[in-house]
Amino acid sequence: MVENRPWANFFAHLTLMIGVAVVVFPVYVALVASTQAPGDLLRGTLPMLPGAHGIENFTRMWQSGVSNAGAPPAGMMLWNSFVMAMAITIGKLSISLLSAFAIVYFRFRFRMFFFWLIFITLMLPVEVRIIPTFQVVADLNMLNSFAGLSIPLIASATATFLFRQFFMTIPEEMLEAARVDGAGPLKFFKDILMPLSVTNIAALFVIMFIYGWNQYLWPLLITTDPDYYTVVMGIQRMTSEENPQWHLIMAAVVMAALPPVLVILFMQRLFVKGLTETEK
Amino acid sequence: MQTKRMTYPGRFLPYALLAPQVIVTLIFFIWPAGQALYQSLLREDAFGLRSTFVGLENFARLFRDGAYLNSLSVTAVFAIGTTLLSMTVALLLASTVNRMIRSRSTYTTLLVWPYAIAPALAGVLWWFIFNPSIGIVPYMLEMVGYQWNHRNSGSDAMLLVIFAAAWKQISYNFLFFLAGLQSIPQSLIEAASIDGAGPTKRFWTIIFPLLTPTTFFLMVVNVVYAMFDTFGIIHATTQGGPAQATNTLVYKVYADGFVGLNLGSSAAQSVILMAIVVALTVVQFRFIERRVNY
């Protein structure tokens, strides 16, 4: 900053600490609640310090879940979430890479038509066309399956645009050199485009993984079999109980939030890159 | 639209490369959207046996329906509240972090992670803190004489979902504001302080105007977020209640279609929402073209 004002610096740190405290508070409360004994949460107010039953609650949630609320073990739900998130991420990345490659490096009839067809999907979030999409998936017998959980969500205009944008910045000489050396389109894609796109792929991977992990409405609708529950929607089943068992629910919330939060914390640079680029 | 100067000749390959994306798009996007359009023109009888063509009747009914008009205004309040709250807090935090040199990256790390939390989980977390019987906040509010109860009070419920939605979005706004602040040339700020402008004056006369493109962009993104991505927050907490006080448009499409089984009306609502998304997307793209020349 331009001038040195000790008081201003003090207030700046104070503001930020309050800000951080507000941001962390809900998660802190969840952590505290997840370490209490069953009765402790029903006795008026919530204690502000962690209790001694953390390991017990987490193990119980992980291994057996809350069966009377129809919630399967969290370990299984986390696995389902992971499979769904990975399927969505890898699916999105691969079909977007291929279509961006076709759009940039080929000239063919209806190129513009296909481009706009993909573009339109950007405008139709799953929430607004939920009922007809559900009908299509039901007609295809894809309810209660990983295919039904992931395939309808893998079309991605955002990723296609991002890769198209990136391919446009690759120097013309790359393709010229490759063609002079006799490389066909697939070899060019595999040996030149893919290695050049690694950072972009990784950045998008982070964003897409979080997107996939946090899906809620879609799994809620198409899974009626607890074997396919994902953790984010499974938690809702537990809270809509008559007497929600908050100590177990909060243990599940912490477990459900941990994987994507760790992804952001450990891959912060890629995350920021992915976030700023997908919105361009 | 441009391509490379040199391209591969392709008769079959480009179509094969595009096929997976196009097939998924046709089956899961274009076809259902077409269905929604078609169903919005039909009316099913009470047993779902016959449907008759009613033209724009479903749309006309919606705009005469008090519940739908209520949902429109609920959505407006929710979107504006979430956007304002989240952007104000994010701008305050970002401009403060921007002053820091050594601690900047630490604070950034501490502030960005809520982006990873699913909207439904954000809802559950805030629902728990504000829980009228065991929550910590109602307990403190009671000491200052306010009876918090989002199960009965519509405005309490609305505040609750706004808090949850804004909380989750702070990290996103923060990152974009911080990037915007860092792209402001330091020389402008130095020139202003030589002319005697203090921090507050510099903020309002130099920094804030130069942030306008970022602010406008974030406004559009936040409104889209509040309108479409917050289904989880509403569903996991208030379920549209009490007495329709938090029944946003997106939640109502789901509630009328899956719970109320009024397919024609739900489809008509979908179509209206699609029109809103298209309009917002156009605004966003128009604006981004301008931002490049700013």
Side-chain angles (χ1 to χ4, degrees), chain A residues 1-3 12 15-16 19-20 23 26 29-30 41 45-46 95 98-99 101-102 104-108 112 114-115 117-118 121-125 127-133 136 152 154-155 172 175-176 185 210 214 216-217 232 235-236 239 246 253 256-257 260-261 264-265 268 272 275-276, chain B residues 1 3-8 10 13-14 17-18 20-22 24-25 27-29 31-33 35-36 93 96-97 99 107 109-118 120-121 124-126 128-129 134 136 139 175 179 189-190 193 228 231-232 236 250 253-254 257 266 270 273-274 277-278 281:
Chain A
M1 265 292 120
V2 203
E3 63 270 82
T15 314
L16 287 174
V20 170
V23 166
V29 172
L41 294 180
T45 44
L46 181 73
I95 69 174
L98 291 178
S99 39
F101 176 52
V104 174
Y105 282 98
F106 290 88
R107 216 169 273 155
F108 52 97
M112 284 309 286
F114 285 122
F115 185 76
L117 193 71
I118 297 169
T121 62
L122 193 71
M123 301 184 181
L124 302 173
E127 281 80 8
V128 309
R129 55 187 167 79
I130 190 72
I131 289 163
T133 313
V136 169
I154 67 173
E172 297 273 349
L175 178 62
E176 284 160 18
I210 295 171
N214 287 347
Y216 178 72
L217 173 60
V232 176
I235 286 168
Q236 192 269 335
T239 56
W246 286 109
V253 166
V261 168
I264 286 196
L265 290 183
Q268 199 180 331
V272 172
L275 198 64
T276 44
Chain B
M1 192 183 65
T3 35
K4 295 282 180 181
R5 225 177 327 123
M6 188 191 215
T7 49
Y8 276 108
L13 191 60
L17 292 172
L18 275 172
Q21 175 96 290
V22 168
V24 173
T25 306
I27 297 180
F28 297 108
F29 286 75
W31 172 246
Q35 285 284 310
L93 292 174
T96 322
V97 164
R99 297 168 47 95
Y107 280 123
T109 307
L110 287 173
L111 290 168
V112 294
W113 57 268
Y115 179 85
I117 300 208
L121 294 187
V124 171
L125 287 173
W126 285 84
F128 183 64
I129 301 179
I134 56 171
I136 178 87
Y139 178 74
L175 280 173
I189 293 164
E190 281 161 10
S193 47
F228 301 103
F231 173 86
V250 165
V253 168
Y254 161 83
S266 171
S270 288
L273 277 180
M274 285 187 223
V277 187
V278 170
T281 313

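Letters go in sequence order (proteins before strands), and every chain restarts at 1. The basis for the numbers below is simple: all heavy atoms, side chains too, and nothing from hydrogens, waters or symmetry mates.
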Just do the side-chain contact (heavy atoms from CB on, under 4.5 Å) check on A:V104 and B:T7 with the steps written out, would you?
CA-CA 8 Å; A:V104 174; B:T7 49; over 6 Å; no
When B:P20, B:P114, B:A118, B:G257 are compared by non-hydrogen pairs under 4.5 Å with chain A, the top option:
B:A118
Could you tell me which portion of A:E176 (side chain, backbone, both or neither) has an atom closer than 4.5 angstrom to a non-hydrogen atom of chain B?
both
Restricting to non-hydrogen atoms, name the atom on B:L121 and the atom on A:A256 that form the minimum distance, rounded to 0.1 Å.
CD1-CB, 3.8 Å
Just so I understand: if I count every heavy-atom pair under 4.5 Å between each of B:Y107, B:Y8, B:W31 and chain A, which residue has the most?
B:Y8
Taking only residues two or more places apart in sequence, or in another chain, which ones meet B:Y115 in a ring-ring contact (aromatic ring centres under 6.0 Å, His included)?
A:F271
Chain A shares the most heavy-atom pairs under 4.5 Å, among B:L111, B:T109, B:V22, with B:T109
Which heavy-atom pair separates B:P14 from A:A102 by the least distance, and what is that distance?
O-CB, 3.7 Å
Find the distance between CD1 (A:I131) and CD (B:Q35) and round it off to the nearest 0.5 Å.
12.0 Å
Need one label for B:S266: side chain, backbone, both or neither, based on atoms under 4.5 Å from any heavy atom in chain A.
side chain
Quick one: CZ on A:F114 to CG on B:L17, what's the gap to the nearest 0.5 Å?
11.5 Å
Side chain / backbone / both / neither for A:L117 at chain B, heavy atoms under 4.5 Å:
both
Between B:I117 and chain A, with a heavy-atom cut-off of 4.5 Å, which part of the residue counts as in contact: side chain, backbone, both or neither?
both
Counting heavy-atom pairs under 4.5 Å to chain B, which of A:P260, A:A30, A:P185 comes out on top?
A:P185
Please classify the contact of A:I264 with chain B as side chain, backbone, both or neither, using a heavy-atom distance under 4.5 Å.
side chain
A:I118 side, atom CD1; B:Q21 side, atom CD - distance, nearest 0.5 Å
4.5 Å
To the nearest 0.5 Å, what is the distance between OG1 on B:T25 and CD1 on A:I95?
6.5 Å
Can you name the closest pair of heavy atoms from A:A12 and B:R99 and give their distance?
CB-NE, 3.8 Å
Between A:W246 and B:V124, is there a side-chain heavy-atom distance shorter than 4.5 Å?
yes
Atom group of B:L13 that falls short of 4.5 Å from chain A, counting heavy atoms
side chain
Test side-chain contact (heavy atoms from CB on, under 4.5 Å) applied to A:F101 and B:L18, step by step
CA-CA 9 Å; A:F101 176 52; B:L18 275 172; over 6 Å; no
Full working for side-chain contact (heavy atoms from CB on, under 4.5 Å) between A:V136 and B:I27:
CA-CA 8 Å; A:V136 169; B:I27 297 180; 3.9 Å; yes
When every non-hydrogen atom of A:P152 is compared with those of B:F29, the smallest separation belongs to O-CE1, 3.8 Å
Pick one of side chain, backbone, both or neither for B:W113, based on which atoms fall under 4.5 Å of a heavy atom in chain A.
both
Contacts of B:F28 that satisfy ring-ring contact (aromatic ring centres under 6.0 Å, His included) - sequence neighbours left out:
none
Quick one, B:L125 and A:V253 - any side-chain contact, counting heavy atoms below 4.5 Å?
yes
List the atom of B:A116, the atom of A:N214, and the distance in Å for their closest heavy-atom pair.
O-ND2, 3.0 Å
How long is the straight-line distance from CD of A:Q268 back to CG of B:L175, given to the nearest 0.5 Å?
7.5 Å
Applying the side chain to side chain contact (heavy atoms under 4.5 Å, CB included) criterion to B:L110, which one of A:L16, A:L265, A:V20, A:V23 satisfies it?
A:V20
